[in-house]
Amino acid sequence: MAVPGVGLLTRLNLCARRRTRVQRPIVRLLSCPGTVAKDLRRDEQPSGSVETGFEDKIPKRRFSEMQNERREQAQRTVLIHCPEKISENKFLKYLSQFGPINNHFFYESFGLYAVVEFCQKESIGSLQNGTHTPSTAMETAIPFRSRFFNLKLKNQTSERSRVRSSNQLPRSNKQLFELLCYAESIDDQLNTLLKEFQLTEENTKLRYLTCSLIEDMAAAYFPDCIVRPFGSSVNTFGKLGCDLDMFLDLDETRNLSAHKISGNFLMEFQVKNVPSERIATQKILSVLGECLDHFGPGCVGVQKILNARCPLVRFSHQASGFQCDLTTNNRIALTSSELLYIYGALDSRVRALVFSVRCWARAHSLTSSIPGAWITNFSLTMMVIFFLQRRSPPILPTLDSLKTLAEDKCVIEGNNCTFVRDLSRIKPSQNTETLELLLKEFFEYFGNFAFDKNSINIRQGREQNKPDSSPLYIQNPFETSLNISKNVSQSQLQKFVDLARESAWILQQEDTDRPSISSNRPWGLVSLLLPSAPNRKSFTKKKSNKFAIETVKNLLESLKGNRTENFTKTSGKRTISTQT
Ligand code: GTP
Ligand code: MG
């Protein structure tokens, strides 16, 4: 997502309308008639009886409970491509013939779609029995009976009214910046950004439904398989528009053969054997890739990336608009998602900070959707968690301390993945620092981090000597001999460090020199998200002046005090460390 330059904001003349000194809750501001914010307010309440309010809740349930519940909901749900104009009442009445409906919503993605959750799974069979496979004179349909339907009007009499549809993508940058400029404080800005970008209840439902539709296809080969979402779709750090990572879980299939039956015999399935787990994974994914490509309704652009470290099938699910990555034999990644889910749920500041850092990194092209030498969102999240573990008092516990609270031991492929799953066993932090302070300190901390010497380790929550010469070393929390940011080049790391310093400087400037209400300047988080903010222009010049002055001052000081100076080069910046 590209972020437009500052010119846009100045043209909008918005910042004059921003925060007043009187602190008012943002909700009240949003409800003032005639304000920009009101016009911008998204229709958060979709049609139908979907649960709302998800956005503000921090999940407190166990990850596995949440996953099972959502999967079960998804199995009772269908996806329907609808005519552009449709009467919602007639639509619901028609579908109710097949069984009672629990909830539904509409969304647009190159056409109008409805997601309909029935109360009972059996209703789907009735709907499928009342559905026919289309045939055209020119083409032949592959008769696959999925839960993805096409609804047509019988007598072509189009309805006049459009249904209200829920948004599946974040609002435009222009609108977002308007909202942010209108916030009352930097803390408000971070919370607004979170609220705007986080996955909505409907988007989450659509993600689980998409996995469930793919599971139906995989079940043709492996009837007991489960397709589970993982990564940012479920770890509470997902932004609207993020990819959908799926994990084909075949453990049930494997375990079924382990059922104990009494008697003198042991029955085994006749199977084909291959030389390694990796080859088995490649073969399974290869067949599923073919299946999705040839038979999967709405699955397009299927790519089999089988020689990657973690083999995967990548495709677009057209109807949901998700870019999907299907993997198997990837249980540790699912466990990492659970760990991040726990960290995201422990303190409301965690997600707000991660979202801002992710948006900041994207705005400055530090991250990219194309694989390469860039920092990934996963690595950035680890850096924020590590930083929050380093606060005093800590905002987040170390992974080792979560391990001591664990109810059960968990070992995956020889790696100790034990940590507490029950959120109520973890004590809340005593730290009361504001988001504004944390954001500034985050940039300062990593702007001056000794990346040349130290690694980041959330297991112990402290810096450690780097075991190799990778520019950025973030220890994989479960496969502890691996570096999750091995791909990051020195120049990308340097870019991150430079931008972090610059951003710390901008926030510091604002502390002393807050733009006045009438100054018409972007402020706070907006200044950080704009690549060419006016206060950035002066940064390089002021920064070099400031460093030069400080260097000379320190030199003189040390000569006076007869002290020894060590000039150490940390990540490209000359800093002085003084030993007395
Ligand atoms: P976005 O898709 O960028 O929003 O974030 P994401 O967290 O989903 O990242 P991504 O899609 O790249 O990866 C999905 C999941 O795979 C992550 O959440 C991690 O659990 C896991 N993962 C990604 N990269 C690595 C890595 O380098 N090492 C390990 N062990 N796991 C990774
Ligand atoms: Mg992802």
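Each residue takes its place number in the sequence, starting with 1. Predicted model only: the values in this text are computed from it and were never measured. For ligands, and for the atoms within them, numbers begin at 1 and follow the listed sequence.
Heavy-atom proximity to Ser336, at under 4.0 Å, picks out these atoms of ligand 1: 20 (O). Those atoms of ligand 1 with a heavy atom of Asp243 less than 4.0 angstrom away are 2 (O), 11 (O). Set against the non-hydrogen atoms of Phe230, the atoms of ligand 1 under 4.0 Å away are 14 (C), 15 (C), 16 (O). For ligand 1 and Cys242, the ligand atoms under 4.0 Å from any heavy atom of the residue are 4 (O).
In this structure, Phe63 has its ring center at least 6.0 angstrom away from the ring center of Phe230. No close placement of the Phe442 and Tyr445 rings is indicated, their centers lying 6.0 Å or farther apart.
None of the N, O or S atoms belonging to Asp325 lies under 2.8 Å away from the Mg ion (ligand 2).
At least one heavy atom of Arg358 sits closer than 4.0 Å to an atom of ligand 1. No heavy atom of Thr376 sits closer than 4.0 Å to any atom of ligand 1. A heavy-atom separation below 4.0 Å is found between Ala333 and ligand 1.
Nearest N, O or S atom of Asp243 to the Mg ion (ligand 2): atom OD1. Within Asp245, the N/O/S atom positioned nearest the Mg ion (ligand 2) carries the name OD2.
Looking at atom 29 (C) of ligand 1, its nearest protein heavy atom turns out to be Asn476 ND2, 3.8 Å. Scanning the protein for heavy atoms near atom 3 (O) of ligand 1, the closest one is Asn377 ND2, 2.8 Å. Summary of contacts: the protein heavy atom closest to atom 18 (O) of ligand 1 is Gly231 CA, 3.3 Å. Looking only at protein heavy atoms, the nearest one to atom 24 (N) of ligand 1 is Phe378 CD2, 3.7 Å.
Leu439 and Ser356 make their closest contact through CD1-CB, 4.5 Å (heavy atoms, listed as atom of the first residue, atom of the second, distance).
Looking at Ile484 against ligand 1, both its backbone and its side chain come within 4.0 Å, counting heavy atoms.
Glu436 and Lys440 are not joined by a salt bridge, as no carboxylate oxygen comes within less than 4.0 angstrom of a charged side-chain nitrogen. A salt bridge is defined here as a Lys NZ or Arg NE, NH1 or NH2 lying under 4.0 Å from an Asp or Glu carboxylate O, and Arg62 with Glu338 fails to meet this definition.
For the pair Arg331 and Phe247, the NZ or CZ position fails the cation-pi test of under 6.0 Å to the six-membered ring centre and within 45 degrees of the ring normal.
When the options Ser232, Ser485, Gly238, Ser369 are ranked by their closest heavy atom to atom 7 (O) of ligand 1, first place goes to Ser232. Nearest-heavy-atom check against atom 10 (P) of ligand 1 across Leu334, Thr335, Asp245 picks out Asp245.
Ring geometry for Tyr113 versus His81: interplanar angle of 30 to 60°, hence tilted. The aromatic rings of Phe449 and Phe386 lie perpendicular to each other, with more than 60° between the two planes, well past the 30° mark. Between Phe496 and Phe451, the two ring planes are perpendicular [angle over 60°; tilted spans 30° to 60°]. Note: His104 and Phe106 have perpendicular aromatic rings, judged against thresholds of 30 and 60 degrees for the angle between ring planes.
Atom 31 (N) of ligand 1 is approached by the protein to below 4.0 angstrom, counting heavy atoms only.
Looking at His364, its side chain does come within 3.5 Å of a backbone N or O of Leu528 through a donor-acceptor pair.
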